[in-house]
Amino acid sequence: MSGSPVWHPFTQHGLDEPIPLVTRAEGAALHTADGRRIIDAISSWWVTTHGHCHPRIMAAIAAQTERIDQIIYAGWTHEPAETLARGLTAIMPPALEYVFYSDSGSTSVEVALKMALGFWANRGEPRHRVLVMEHSYHGDTIGAMSVGARGVFNQAYAPLLFDVGTIPFPANSAEQVTLDALEAACRERPVAFIVEPLILGAGGMLIYPPAVLAEMRSICARHNVLFIADEVMTGWGRAGTLLACEQADVIPDILCLSKGLTGGSVPLAVTMATRPIYDAHLSDDRSKMFFHSSSYTANPIACAAAVANLEIWRDEPVLARIADLAERQAVRLAAVQGVVGKRQIGTITAMEIPVSDHGYLASVGPALSRQFRNRNVLLRPLGNTIYVMPPYCIDDPDLDTVYDAITGAGRHLSG
Ligand SMILES: *Cc1c(COP(=O)(O)O)cnc(C)c1O
């Protein structure tokens with residue numbers, strides 16, 4: 001698409017990489033204008049769960065477009081949002097009684113942070129500092145960047161980022177260091193601890209054990225520090241269970257969901273909160289209301305898509321499909337050659353190409369992406385880290401093609 005006025009996200013246009021024109025998406029595949037079928041091995045940046053253009057979600061969107069397009073959501077409501085909120089509170093941990101709508105993972109995080117600050121402010125015990133985990137990623141808006149890892153992604157914007165307390169990542173054998181650091185930081189009355197449960201996505205697909213998550217949650221509870229689970233990537237079965245938190249029996253005070261909420265079809269996010277968070281904003285004093293909105297809060301078409309997603313979870317064997325994909329991924333991960341650091345959680349596998357040049361800007365990243373694209377596979381490595389996170393409907397031949405491409409790349413680039 002040379003000559004296009006479009007400015008793409010996380011894209012260096014100066015490198016003149018080709019930008020394929022996708023004309024159709026179906027199941028685990030994208031079809032391009034030049035007649036290629038591309039296997040979407042990263043679920044189009046982690047959003048597509050059941051597969052592209054799931055008929056039930058597409059039908060729900062079509063039906064909703066005949067009823068309401070968009071309405072103001074402050075002081076008004078509509079059926080898709082009510083049905084969705086009831087559906088969410090029914091399948092998520094019962095303590096998360098309230099649902100606040102927004103439009104993206106980043107905004108769900110902004111909302112979570114504002115809810116946490118508002119909780120303390122409205123109780124007359126204002127708190128200031130947020131605790132975060134090293135290598136974490138929570139989105140690209142200013143607040144979400146502030147609670148994420150600092151690096152080349154946000155260096156230019158650093159003057160706008162607020163100060164946070166960073167807890168070290170619980171690397172193997174250093175788990176106690178993490179827990180001790182969290183315990184010490186919690187004594188200083190922080191607002192909240194925000195964390196990606198069990199796997200840090202954009203930070204490099206770094207996995208840590210459920211026992212650490214459970215222990216971190218109980219430290220926060222003991223010190224009366226709010227616990228925010230950012231399940232924007234891990235939710236909706238990605239990590240093997242509906243929520244990653246389930247594997248550690250953890251119930252957060254605030255939960256962020258987006259990406260798979262609509263099956264990955266249209267943008268929508270929710271921030272779910274417990275009764276104490278809601279109650280801290282409940283008053284006859286208007287100055288204590290939750291001061292957040294965006295124009296398209298709870299867009300009816302997006303809510304209808306999410307309701308259809310809940311119906312798919314109710315009516316189809318989604319968890320069995322996820323368990324099956326996890327197994328099929330494990331077999332292929334074990335067999336892949338020329339890589340190190342193999343790891344897996346649920347439907348996600350990750351590994352590194354052993355090169356000396358690493359980090360997000362490692363030159364091997366774009367070289368790999370190009371090789372994969374030439375083999376009609378969509379993979380987008382994080383530096384020298386390759387990960388596979390396909391839609392749950394991917395079949396065996398497609399999965400084989402993906403891993404053959406990885407083995408080919410490993411052989412070509414390492415050593
Ligand atoms: C993708 C992601 C976000 C940001 O979501 P957007 O919809 O891209 O704004 C936040 N947190 C995590 C863990 C994510 O993976």
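One-based numbering, in listed order, for ligands and for the atoms of each.
A side-chain N or O of H50 and one of N309 form a donor-acceptor pair less than 3.5 Å apart. Side-chain contact, D253 with T274: no donor N or O sits under 3.5 Å from an acceptor N or O.
Contact of the H292 side chain with the M115 side chain is not registered, since no non-hydrogen atoms from C-beta on lie closer than 4.5 Å.
The aromatic rings of Y387 and W46 stand perpendicular to each other, their planes meeting at an angle above 60°, with 30° marking the opposite boundary.
Within the model, atoms CD1 of I38 and CZ of F372 stand 13.5 Å from one another, a figure rounded to the nearest 0.5 Å.
Within 4.0 Å of ligand 1, counting heavy atoms only, the contacting residues are W46, S104, G105, S106, Y137, H138, G139, E196, D230, V232, M233, K259.
Taking the six-membered ring wherever Trp is involved, the centroid distance between the rings of H78 and Y73 falls below 6.0 Å.
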